[in-house]
Amino acid sequence: PLSSRAMEELLAGLVPGLPSEVRDRILARAEGIPLYAVETVRMLLDRGLLVQEGPAYRLTGPVDALEVPETLHALIAARLDGLSAEERRLLQDAAVLGKTFTKEALAALAPADAEVESLLTALARKEVLGVQADPRSPEHGQYGFLQDLVRHVAYETLSKRERRARHLAAAAHLSAAFAEDEDEVVEVIASHYLAAYEAAPDAEDAGEIRSKAQTMLVRAGQRAESLAAAAEARRYFEHAAELTGGP
């Protein structure tokens, strides 16, 4: 990865006058990877969302979401295709958990016969995953994707049914692992229930899952409020309100 300054210079040279909002979003997603920045700009140009006017560029409409450009998506997908079926399955499980995760959480989602330890070692050796080795870090011993783009593509390979099942398993694991102090991870549990509901809003038990997501979002809002994080609390409460059918 390049430094933030180098990435800013790259974008400034490639697209003079790129709106700062879009520039910042590209830089945040790119995580220092030049190819992502270049391909994203090309994607915006190809779709007519960015047009040149003199020495600068301007947006022709809102950029609601920055997708992984097709060419870069294909490169990452090809890399994942080169892994064994067991390694790909483990990466899919990991992608549901987020950019960083514990070995225990991954084992809760993986098949009972999966050799989690050896698979993690193999994926770290192939530089797909990494492990936090700094003993001073609060995430010491945790694994993580070296690039969030890989996590994004791995997650997209899951069907909605598979995503739902894994998110529910992750929520159940966290509730059990933090049974004595669930509030410490209530925001994460809420996000898993919400993702599970959104993956299959027409499922038979969708109402139950929605209710759990709403309850956890309210608790997350209350916890944020107790920590004087007013903006964060409001965001959780608004998400909870969106899940209710009443006034």
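Note that the structure is a prediction, hence the values are computed from the model and not measured. Sequence positions, counted from 1, serve as the residue numbers for this chain.
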* **Val96 and Arg163, any side-chain heavy atoms less than 4.5 Å apart** => no
* Close side-chain approach of Leu129 and Phe101, heavy atoms under 4.5 Å -> yes
* Asked: Are any non-hydrogen side-chain atoms of Leu44 and Val22 less than 4.5 angstrom apart?
  -> yes
* Asked: Is there side-chain contact between Pro111 and Arg89, with at least one heavy-atom pair below 4.5 Å?
  -> yes
* Asked: If two hydrophobic side chains count as joined below 4.5 Å and joins carry through other members, does Leu50 share a cluster with Val38?
  -> yes
* To do: Starting from the C-alpha separation in whole Å, work towards a yes-or-no answer on side chain to side chain contact (heavy atoms under 4.5 Å, CB included) for Gln147 and Val128.
  => CA-CA 8 Å; Gln147 292 300 327; Val128 178; over 6 Å; no
* To do: Would you indicate whether the side-chain heavy atoms of Asp148 and Arg151 approach each other to under 4.5 Å?
  => yes
* Provide the closest heavy-atom pair for Ile189 versus Ser175 in the form atom of the first, atom of the second, distance. => CD1-OG, 3.6 Å
* To do: Begin from the C-alpha positions of Tyr143 and Leu120 and carry the test side chain to side chain contact (heavy atoms under 4.5 Å, CB included) through to its verdict.
  => CA-CA 8 Å; Tyr143 286 83; Leu120 283 172; 3.7 Å; yes
* What's the verdict on side chain to side chain contact (heavy atoms under 4.5 Å, CB included) for Glu182 and Met216, showing C-alpha distance, side-chain angles and the deciding distance? -> CA-CA 10 Å; Glu182 196 175 55; Met216 289 297 178; 3.6 Å; yes
* Asked: Considering all heavy atoms of both residues, which atom of Leu146 and which atom of Glu127 are nearest to each other, and what is their separation?
  -> CD1-O, 3.3 Å
* Taking the six-membered ring for Trp, are the ring centroids of His167 and Tyr155 within less than 6.0 Å of each other? -> yes
* To do: I would like to know whether Arg29 and Asp24 meet salt bridge (charged side-chain N to carboxylate O under 4.0 Å, His left out); could you show each step before the answer?
  => CA-CA 9 Å; Arg29 173 65 75 83; Asp24 293 343; over 6 Å; no
* **Close side-chain approach of Phe237 and Leu217, heavy atoms under 4.5 Å** => no
* Kindly indicate, with the supporting measurements, whether the criterion side chain to side chain contact (heavy atoms under 4.5 Å, CB included) is fulfilled by Tyr36 and Leu149. => CA-CA 9 Å; Tyr36 180 84; Leu149 291 174; 3.5 Å; yes
* Is the shortest distance from a Lys or Arg side-chain nitrogen in Arg23 or Glu8 to a carboxylate oxygen in the other one below 4.0 Å? -> no
* Got a sec: does the CD of Glu115 have more than 12 other heavy atoms crowding it under 6.0 Å? -> no
* **Short N-O contact, Glu198 and Lys160, less than 4.0 angstrom** => no
* Asked: How close do Ala200 and Arg164 get, heavy atom to heavy atom, and via which atoms?
  -> CB-CD, 3.4 Å
* **Joint cluster assignment, Val186 & Ile209, ILVMFWY side-chain distance < 4.5 Å** => yes
* **Nearest heavy atoms of Glu31 and Pro1, plus distance in Å** => O-CB, 3.7 Å
* Are side-chain heavy atoms of Glu87 and Leu80 found at a separation under 4.5 Å? -> no
* Flag for Gln214-His239: side-chain donor and acceptor within less than 3.5 Å -> no
* Is the backbone of Gly207 close enough, under 3.5 Å, to the side chain of Ser211 for a donor and an acceptor to pair up by distance? -> no
* Flag the pair Glu232 and Arg223 as a salt bridge only when some basic side-chain nitrogen lies within less than 4.0 angstrom of an acidic carboxylate oxygen. => no
* Asked: Does the distance from a Lys or Arg side-chain N to an Asp or Glu carboxylate O, for Arg219 and Glu187, drop under 4.0 Å?
  -> no
* Please examine the side chains of Leu83 and Leu123, heavy atoms only from C-beta on, and report whether any two atoms are closer than 4.5 Å. => yes
* Compare every heavy atom of Leu90 with every heavy atom of Leu119, then report the nearest pair and how far apart it is. => CB-CD2, 3.5 Å
